[in-house]
Each structure stands twice: as C-alpha cells, then as structure tokens.
Amino acid sequence: MAKKKLKKNFSYVFLCCLHFLMHFYLPAHPVLLFLTPAGFPHHKHRRLKMDEAFLTVKNELDTEVVVSWVSEHCYQCLYQQLGVAPAAPSLGQPSSVDFIVSTQHEITLQLNRTPATQELCTLPFHFGEHGNYSLWVKNLNDRSLMCRVLSVWISYSPLSSCKAFFLMFILFPFLVSISLVIMVFVNYGAGRYWFFKHESWNGLTVADLVFPWFVFIMGTSTALSINASLRAGSTRSSLLRKVVWRSLQLFIIGVFIINPNYCQGPLSWANLRIPGVLQRLAWSYLVVACLDLLVDAWWSPGLDILLYWPAWLCVLLLEIIWLCLTFLLPVPNCPTGYLGPGGIGDMGLYANCTGGAAGFIDRWLLGENHIYQTPSSRVIYATDMPYDPEGVLGSISSVLMAYLGLQAGKIILHYRDVHTSIISRFLIWGLILGVLSAVLTKCSRDQGFIPVNKNLWSLSYVTTLACFAFVLLVLVYYTVDVRKWWSGAPFYYPGMNSILVYVGHEVFEEYFPFRWRMANNQSHAEHLTQNLVATSCWVFISYVLYRKKIFWKI
C-alpha cells in the first residue's frame with residue numbers, strides 16, 4: 001500500500017515538474033524561479049474572499065524583486081505591480097512577502113530587478129481558489145538541479161473553481177434555454193462564480209447569453225401576438241397606439257428599476273441613469289412592432305422573407321448606420337474605429353477611450369453622470385471611464401436581434417404544422433448567421449474584424465447569439481411542439497408574467513426570502529443556495545399567479 005502511494009505521489013510530482021518546465025522562461029541569468037502550493041495555514045491578517053489565493057514570494061537574491069501580473073483575459077495589457085520582494089538579508093536566508101492574487105483566470109507573473117527594469121523571468125499560472133502558494137527566486141548556476149528541487153516542493157494542488165464549473169453545467173444545462181429564469185438567476189449572483197458574470201470585454205460567458213435571447217424571444221412573441229390581434233379584428237392603428245403606449249410604460253418602469261434610491265428619498269436628477277435593460281427592450285419592441293405593422297399594411301402575403309423585404313431593408317439600413325458610426329465617427333483623443341476597453345488595455349495607450357464611438361455618443365448625448373458608472377471592463381482592464389452596456393449605439397444592434405426573432409415567428413406562422421419546413425429554415429438561418437460570425441471574428445476572441453462583445457452589442461455578438469438562438473429554438477420546438485416530450489413546465493409559468501417577475505426580482509432583491517444574512521459570505525456554496533432559492537421562489541410565485549389566472553401585462 002505504501003509503495004503504491006509513493007509511486008502515485010512520484011508520478012504526480014513528475015507530471016507537475018514537466019508542467020512547470022513547459023511554462024518556464026529561463027533567461028541567461030543564474031536565477032531559478034519555481035512555484036509551489038505547499039500549505040501556509042496561518043494568514044490571519046487577511047481573510048481570503050471568493051476567487052482569491054495567497055501567494056508568498058521568497059527572494060534569495062541580493063537585490064529587490066518587483067512582482068507584477070497581468071490576466072490572460074486582458075488583451076494587450078500593461079503589467080500591474082503586485083508588490084516588491086525585499087532583498088535577502090543574508091546568504092541562504094530568503095526574504096518573504098505575502099500577496100493576494102486572483103484565481104478567476106490564468107495570470108502571468110513577471111519578476112523584475114529594481115531599481116533597473118531588467119526582467120528576470122515570467123511565469124503563467126492559474127491559481128486555485130483559496131490556495132496557498134510559494135514563489136521562490138533563487139540563484140542557480142547548475143540547471144540540472146531544477147527537477148530535483150521542483151520534485152521536493154510541489155506536493156499538492158488546492159481545489160480549483162473549475163471543478164465547480166463543470167458541476168454547475170451538469171446540474172443546470174436546461175436553464176440556459178429558459179431566458180427569463182436564468183436572467184433572474186444571473187442577476188441574483190448565480191453563486192458568484194466568474195463564469196456567471198459578464199465578460200470584462202471581448203468574449204462570452206453564460207451571463208452574456210441571457211439578454212439577447214430575451215430580445216430574440218420578444219421579437220418572436222411580437223410576431224405571434226400581432227398576428228393573433230389582427231385575426232381577432234383589431235385595426236393596425238389601434239395596435240400601433242398600444243405599441244407606443246406599452247413601449248413608453250416599459251421605458252418609465254425601467255428608469256425606476258435601475259435607480260433604486262427612490263425607496264430612500266427623492267431621486268437625484270444629477271446622476272439619474274437613463275439607459276437600462278427595460279429601456280432597451282422598449283426601444284427594440286417599438287421599432288420591430290412598428291415595422292411589422294406598417295410593412296404588412298402595404299405588402300400582400302407571400303413566402304417567408306420575401307414578404308417582409310421592406311422591413312428587412314430598414315433593419316439593414318439601421319445596421320449600416322451602426323457600422324458607420326462605430327468605425328467612421330471621429331472620437332477626440334482616440335483612434336477612429338476603436339473597439340477596445342481603454343484602461344490598461346492596448347498597452348495603456350487609450351486609457352480614456354472605453355467603448356470608442358459607443359461610449360463617446362453616450363457621454364455626449366446623455367452625459368457621464370447619466371450612464372452606468374461601474375462597467376464590467378473595470379474588473380480586468382482597470383478602466384476609469386463610465387460606460388453603459390445598454391447605451392444608445394448598441395440599441396441599433398438590439399433591433400437586429402429582435403427582428404431576427406420576429407423572423408422566427410413569421411416562419412412559424414407561414415409554415416404552421418409543417419414541422420420539417422420550420423426546422424429546416426431555423427437551421428438554415430442558424431448556419432448563415434454562424435458563418436457570418438466566423439468571418440467577422442476569425443474564430444477568435446480578440447483577433448477578428450469585429451469581436452464578440454456584449455458591452456458594445458457588436459454585430460458579431462448579435463449574429464453569434466442569434467445563431468445559438470435559432471439552434472436552441474429547433475431543440476425546444478422539436479421537444480415541446482413536435483414530439484411533445486416536455487410541456488415547458490415549470491418555466492412556462494414565469495413567461496406568463498414576465499414583466500412582474502423581472503420587476504419583482506429587482507425591487508425585492510434585498511428582502512427575505514430572496515436574500516438573508518449568510519454565515520460565510522465568501523462561500524460560493526452559500527451564495528449558490530441563496531440564489532437558487534430566490535429564483536425558485538419567483539418560479540413558484542408565477543405558478544400560483546398562473547393557477548389563479550392573474551397576469552400582469554402592460
């Protein structure tokens with residue numbers, strides 16, 4: 001038994017050595033750097049928060065060492081100083097200093113001599129949450145000692161949050177297809193896991209899927225509801241008035257929802273945020289519903305997309321306006337066509353250019369005090385400029401997303417009960433949009449012509465999420481309508497009171513039973529439990545309202 005355990009430990013140590021050797025950059029200086037998670041249980045001066053780990057740097061050199069870091073998710077970013085490791089007080093007696101490092105993404109550590117900026121080495125590494133690590137800097141003339149030294153120190157690896165990532169996706173894959181429920185879950189915190197938070201800039205996380213799918217589904221339901229109203233005898237002019245009034249109501253409710261100090265006293269007009277989720281929905285609904293009503297007024301029934309070419313022409317013209325403003329509008333002190341986050345991104349050259357034209361238009365039209373003050377780009381890119389992900393320019397792209405959803409609704413209406421026609425057209429749309437996304441992004445996160453970006457609501461973001469939406473719609477349609485394997489319950493019920501659920505979960509977020517004092521507020525498990533209970537409460541509330549036939553509509 002002891003031999004098996006020894007053999008297993010030796011194999012693990014050997015693999016760890018190989019892993020670190022592959023990542024080491026060894027310059028011509030007689031310096032050895034190695035990192036070990038050997039435990040340091042006593043760090044009572046600082047309690048770790050979520051997504052953090054301890055790093056102890058031990059320096060045996062006779063000079064100070066500057067420790068800097070940069071996130072792997074930070075594209076072309078400047079290194080940020082973590083701290084300074086003092087010179088060794090005497091030969092063979094290393095200095096020691098403790099730091100806190102982020103565990104959300106892989107980071108690259110850089111060590112430089114001081115006062116000069118001579119780089120000693122760099123080390124990419126993904127730290128495990130709540131782990132304790134040691135980073136040694138040693139003089140070493142004989143490189144053959146490296147593996148033997150590493151094999152002594154690398155003993156175990158702390159639990160990584162990646163394991164929880166796979167657990168979450170095994171337990172909750174069906175939530176992704178239910179936009180409203182997962183929106184509530186994400187807004188409540190979703191266990192505070194990083195993959196349920198919005199991406200700092202380019203790229204996608206689970207949280208970035210929810211809102212555009214909601215816009216897409218809103219477009220689909222708009223097509224179905226307008227068609228039903230016209231068949232019931234309503235006139236187009238009366239429906240247009242209802243559309244305008246409903247959009248105005250949505251916008252006003254949205255302004256109240258995102259400015260929560262209305263419960264604490266009078267609203268301050270000086271810093272009232274204007275854009276928001278419901279405001280974006282109101283605008284998208286207004287444009288798409290008006291196009292649907294007006295186009296049908298002058299065009300006779302035909303096939304599929306040919307029936308709505310005037311509306312498609314309007315939508316494409318709007319998207320051309322988005323492209324022209326994004327890539328041709330001059331922005332003071334910023335490069336024309338800039339799509340970056342500013343801050344420390346792009347080597348810090350455009351620190352105040354967050355969002356390029358999109359940010360500039362919002363600040364010019366609405367004012368800096370009336371847009372979102374803490375954008376997600378602050379997390380990794382350390383931006384100082386306010387930026388609103390629901391801003392003016394992105395609203396143009398949301399119209400395209402909503403109209404693609406409306407197109408899905410038109411397909412259902414024109415080919416009702418012809419399941420093969422509906423499914424084939426959904427798949428064709430998904431394929432076309434997927435190819436377009438691949439061209440725009442070059443199948444990369446940061447290197448494409450137009451990267452996928454939720455903050456900008458970039459064209460590639462819309463085409464990518466619409467591609468996913470059409471494919472997802474095929475799966476749901478086949479499961480629910482064709483095969484009838486699933487009725488949609490319990491997620492069917494929140495959809496019947498979608499406005500009430502969304503407004504309610506925002507207004508009562510801080511009240512019991514949606515939130516309570518936790519024993520350990522730095523525990524993912526406790527946050528996850530609380531967020532699941534809160535989301536389940538709204539599903540139950542919507543079920544009770546459904547049974548009592550209470551529906552709040554505007």
Side-chain angles (χ1 to χ4, degrees), residues 179 183 198 201 208-222 243-244 246-259 272-292 311-329 331 339 354-368 370-373 375-377 386-407 450-466 469 502:
S179 60
M183 181 183 286
H198 291 294
W201 199 248
D208 299 321
L209 308 177
V210 180
F211 188 24
W213 283 353
F214 198 89
V215 174
F216 183 92
I217 292 171
M218 181 190 68
T220 305
S221 63
T222 299
V243 165
V244 173
R246 183 176 296 170
S247 301
L248 182 61
Q249 286 179 290
L250 269 178
F251 191 94
I252 294 173
I253 292 172
V255 171
F256 278 92
I257 290 298
I258 61 172
N259 294 280
L272 183 77
R273 183 187 172 194
I274 298 174
V277 171
L278 289 183
Q279 295 90 309
R280 173 71 62 84
L281 289 173
W283 160 256
S284 304
Y285 171 72
L286 175 65
V287 175
V288 168
C290 288
L291 285 175
D292 189 30
W312 267 111
L313 183 61
C314 294
V315 172
L316 292 177
L317 284 175
L318 283 174
E319 200 58 35
I320 290 172
I321 292 173
W322 182 89
L323 290 169
C324 291
L325 289 175
T326 300
F327 291 101
L328 300 180
L329 180 69
V331 179
L339 298 176
T354 303
F360 172 71
I361 290 173
D362 287 343
R363 292 189 290 270
W364 178 62
L365 285 177
L366 307 175
E368 287 192 6
H370 298 292
I371 60 177
Y372 194 43
Q373 300 296 309
S376 59
S377 55
Y387 179 83
D388 207 308
E390 279 77 52
V392 175
L393 198 55
S395 299
I396 298 176
S397 296
S398 69
V399 170
L400 174 60
M401 189 72 182
Y403 202 80
L404 286 167
L406 184 135
Q407 179 64 44
I450 304 178
V452 173
N453 189 296
K454 190 266 180 188
N455 285 285
L456 297 171
W457 270 69
S458 62
L459 178 58
S460 60
Y461 176 71
V462 172
T463 56
T464 301
L465 271 296
Y502 183 82

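- The salt bridge (charged side-chain N to carboxylate O under 4.0 Å, His left out) check on Arg246 picks up nothing, with sequence neighbours excluded.
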CA sep, side-chain torsions, deciding dist, call: Phe214, Val277, side-chain contact (heavy atoms from CB on, under 4.5 Å): CA-CA 10 Å; Phe214 198 89; Val277 171; over 6 Å; no
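- Residues Trp283 and Ser395 come closest through the heavy atom pair NE1-O, 3.1 Å.
- Side-chain atoms of Gln373 come within 3.5 Å of backbone N or O of Glu368 as a donor-acceptor pair.
- To the nearest 0.5 Å, atom CE of residue Met401 and atom CZ of residue Phe211 are 10.5 Å apart.
- Distance check, rounded to the nearest 0.5 Å: CH2 of Trp312 to CD of Gln407 gives 6.0 Å.
- Contact between Ile371 and Pro386 at its shortest, heavy atoms only, is CD1-O, 3.8 Å.
- In this structure, OG in Ser398 is found 7.5 Å from CE in Met218, a value given to the nearest 0.5 Å.
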Criterion side-chain contact (heavy atoms from CB on, under 4.5 Å) on Leu339 and Asn453, from CA distance to verdict: CA-CA 9 Å; Leu339 298 176; Asn453 189 296; over 6 Å; no
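- The minimum heavy-atom distance between Ser247 and Ala282, with the atom names listed, is O-CB, 3.3 Å.
- Considering SG of Cys324 and CD of Glu319, their distance stands at 10.5 Å, rounded to 0.5 Å.
- For Ile396 against Leu318, the heavy-atom pair with the smallest separation is CG2-O, 3.0 Å.
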Verdict with reasoning, Ile450 to Tyr461, per side-chain contact (heavy atoms from CB on, under 4.5 Å): CA-CA 9 Å; Ile450 304 178; Tyr461 176 71; over 6 Å; no
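- Taking the six-membered ring where tryptophan is involved, the planes of Trp364 and Phe360 are essentially parallel, since the angle between them stays under 30° and well short of 60°.
- For the pair Pro212 and Trp457, the minimum side-chain heavy-atom distance is below 4.5 Å.
- Applying the side-chain contact (heavy atoms from CB on, under 4.5 Å) rule to Ala358 yields the partners Tyr387, Leu393, Leu456; only residues at least two apart in sequence or on another chain are considered.
- A search for salt bridge (charged side-chain N to carboxylate O under 4.0 Å, His left out) contacts involving Asp362 returns nothing, not counting sequence neighbours.
- Each of Val215, Val210, Asp208, Leu209 was compared with Leu465 under the side chain to side chain contact (heavy atoms under 4.5 Å, CB included) criterion, and only Leu209 meets it.
- The side-chain heavy atoms of Asp388 and Leu366, taken from C-beta on, include no pair separated by under 4.5 Å.
- Atom CG of residue Leu316 and atom OH of residue Tyr403 lie 10.0 Å apart, to the nearest 0.5 angstrom.
- Nearest heavy-atom pair across Leu329 and Ala357 is CD2-CB, 4.1 Å.
- Contact detail for Arg273 and Val255: the closest heavy-atom pair is O-CG1, 4.4 Å.
- Taken to the nearest 0.5 Å, the CG atom of Leu286 stands 12.5 Å off from the CG atom of Leu281.
- Side-chain N or O atoms of Ser397 include none that pairs as donor or acceptor with a backbone N or O of Ser458 at under 3.5 Å.
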